[in-house]
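Below: one structure, written as structure tokens.
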Protein chains: 2
Amino acid sequence: MSHKVLVVEDEPALARALAINLRSHGWEVVTAADGRSGLDAAATTHPDVVLLDLGLPDLDGTEVISGLRGWTSVPIVVLSARQHGEDKVEALDLGADDYVTKPFAMNELMARLRAAVRRAEEVAPTVSTVQVGGLLIDLARKRVARDGTDVRLTPTEWAFLELLARNLGRLVPREQVLREVWGPGYEHEGHYLRVYAAQLRRKLEDNPAHPRHLVTTSGLGYTLEP
Amino acid sequence: MSHKVLVVEDEPALARALAINLRSHGWEVVTAADGRSGLDAAATTHPDVVLLDLGLPDLDGTEVISGLRGWTSVPIVVLSARQHGEDKVEALDLGADDYVTKPFAMNELMARLRAAVRRAEEVAPTVSTVQVGGLLIDLARKRVARDGTDVRLTPTEWAFLELLARNLGRLVPREQVLREVWGPGYEHEGHYLRVYAAQLRRKLEDNPAHPRHLVTTSGLGYTLEP
DNA sequence: TACGTCCTTGACGCTTCCTTGACGCCCGCG
DNA sequence: CGCGGGCGTCAAGGAAGCGTCAAGGACGTA
């Protein structure tokens, strides 16, 4: 299956070249043009690896690394123009996984990204399938089985459930659900949440009136409880 | 088996010479005389490799490379009169796989084309045959047999089926089918999907009205079920 | 030129899904 | 004690997607 890389790079030409090359090698690519949006993108898209240029306009590269390391262990590959060892050491110390110096060969960069993802997966293998009670959620095939038999979900129901499954056990805020399932601009359509949470419960819960897995936290959001 | 090469070359004499030589070496050859028709041809004929002359009348060669890399990872071998490294680097960075400078030896060109195809097949190893129920799908020979007897498919039907077969058991999203079978820009032509899914079912399913192999998931896409 | 193959497009009926509205419940707060 | 906001439920309307048939029309070939 294909992996997702977040490219944080402020120079448009290089960002574009990287995106094209990565896509042609089967990566799913998300780009951000500065540190702050890079941190945001990492939080919302959950990439498998981050490719981070140290020379950003808004934040020092080390701040971005710290900002990521505060909450995620996603592998970080640093890209830098500086030849010398000083901030290489600093970056690696802060928690970066690898370091590539400009100019670089695209082949080498690809190899290092692949290696970073591979190492991370050895430590914590990617789950393409999530099990919750009698529920088996197959993220790759976009399917749910309840006690062994397939359950039919509509596209929107699936998008909702998938989002919760990817954040298993974590509370997903109302606004994030609305934004990621219905798109930006729907952050205040709270009614949708209630309708679709009810539909999912009817299809997935043993007792829809007293859900044990798809739990509401009033005023905040929803959680898929293991 | 024979591979298909798309030759994008504006100079008629050279295009003809290339076509003759390639055919005599067992290649199936499709030609295009400018960038735009080259992109079209790539989308409609699905070559195994593209041989691209950078000096085209209508588009910059780099635009052609980007246009291809937006949706396909077919290997690209660039042909150029310019001796020096600048646009070589640019072409390779944009996602070209190899670079040949004019004048060139036909032998060498052949070897590089073969190598490009070989590398591509190593990255995405070809399972040469897929069996689902009474269907035997031979990816290498581009053939389908149903209960032992050959079934005639049109090129488009084949492209559709091949895509599903290469993702056996996985859901292939509507947009991906449209993009990879009809080319970029056709992502919203949902009607094509219905027409061709029906044709394939008529030819391949025991009961076309209740398909057991070519299954559609409403709003999402199609799956070839083992 | 005539023919055959195949892609494209239109029309129609049917099913599925999204959206929206109405209503009742619970709970905190004035 | 009444009120309002967030939540859960049900149902209806319309929009979008799906399956099918068939008629142009482009293209290559006899």
Subject >> Nucleic acid footprint by protein, nucleotides 14-30 of chain D - heavy-atom cut-off 4.0 Å, B for base, S for sugar-phosphate alone >> reply: ---SBBB----------
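- The separation between A/L200 atom CG and D/dG8 atom C1' is 14 Å, rounded to whole Å.
- Side-chain contact between A/H46 and A/V74: absent, with no pair of heavy atoms (C-beta onward) separated by less than 4.5 Å.
- Counting only heavy atoms from C-beta outward, the side chains of B/E157 and B/L161 never approach each other to under 4.5 Å.
- B/H188 has its NE2 atom 18 Å from the C1' atom of C/dT9, to the nearest Å.
- Going from atom CG of A/L22 over to atom CG of A/L113 covers 6.5 Å, rounded to the nearest 0.5 Å.
- Atom CG of A/N207 is separated from atom P of D/dG8 by 14 Å (rounded to the nearest Å).
- Residues A/I20 and A/L18 are not in side-chain contact: their nearest non-hydrogen atoms beyond the backbone lie 4.5 Å or more apart.
- Out of C/dC6, C/dT16, C/dT9, the shortest distance to the side chain of B/Y192 is found at C/dT9.
- Atom C1' of nucleotide C/dT16 and atom NZ of A/K203 are separated by 10 Å, given to the nearest angstrom.
- Across all strands shown, B/W182 has heavy atoms under 4.0 Å from sugar-phosphate atoms exclusively, and none from any base.
- Phosphate contact (OP1/OP2 of C/dC7, side-chain N/O of B/T154, threshold under 4.0 Å): present.
- Side-chain N/O atoms of A/Y196 include one lying less than 4.0 angstrom from OP1 or OP2 on C/dC18.
- Within the model, atoms CG of B/L79 and CD of B/E9 stand 6.5 Å from one another, a figure rounded to the nearest 0.5 Å.
- The nearest heavy atom of DNA chain C to B/T156 and to A/E189 marks one nucleotide each, and the one closer to the 5' end goes with B/T156.
- Look at CZ on A/R152: it is 11 Å from P on C/dC18, rounded to the nearest Å.
- Each ring-ring contact (aromatic ring centres under 6.0 Å, His included) pair with one or both residues in residues 134-159 of chain A, not counting sequence neighbours, would appear here, but there are none.
- Taking the nucleotide of DNA chain C with the nearest heavy atom to each of B/L153 and A/Y186, the more 5' of the two is matched to B/L153.
- The neighbour count for B/R146 CZ, taken as heavy atoms of other residues, nucleotides or ligands under 6.0 Å away, is above 12.
- Rounded to an integer number of Å, the gap from CZ of A/F160 to P of C/dT19 is 13 Å.
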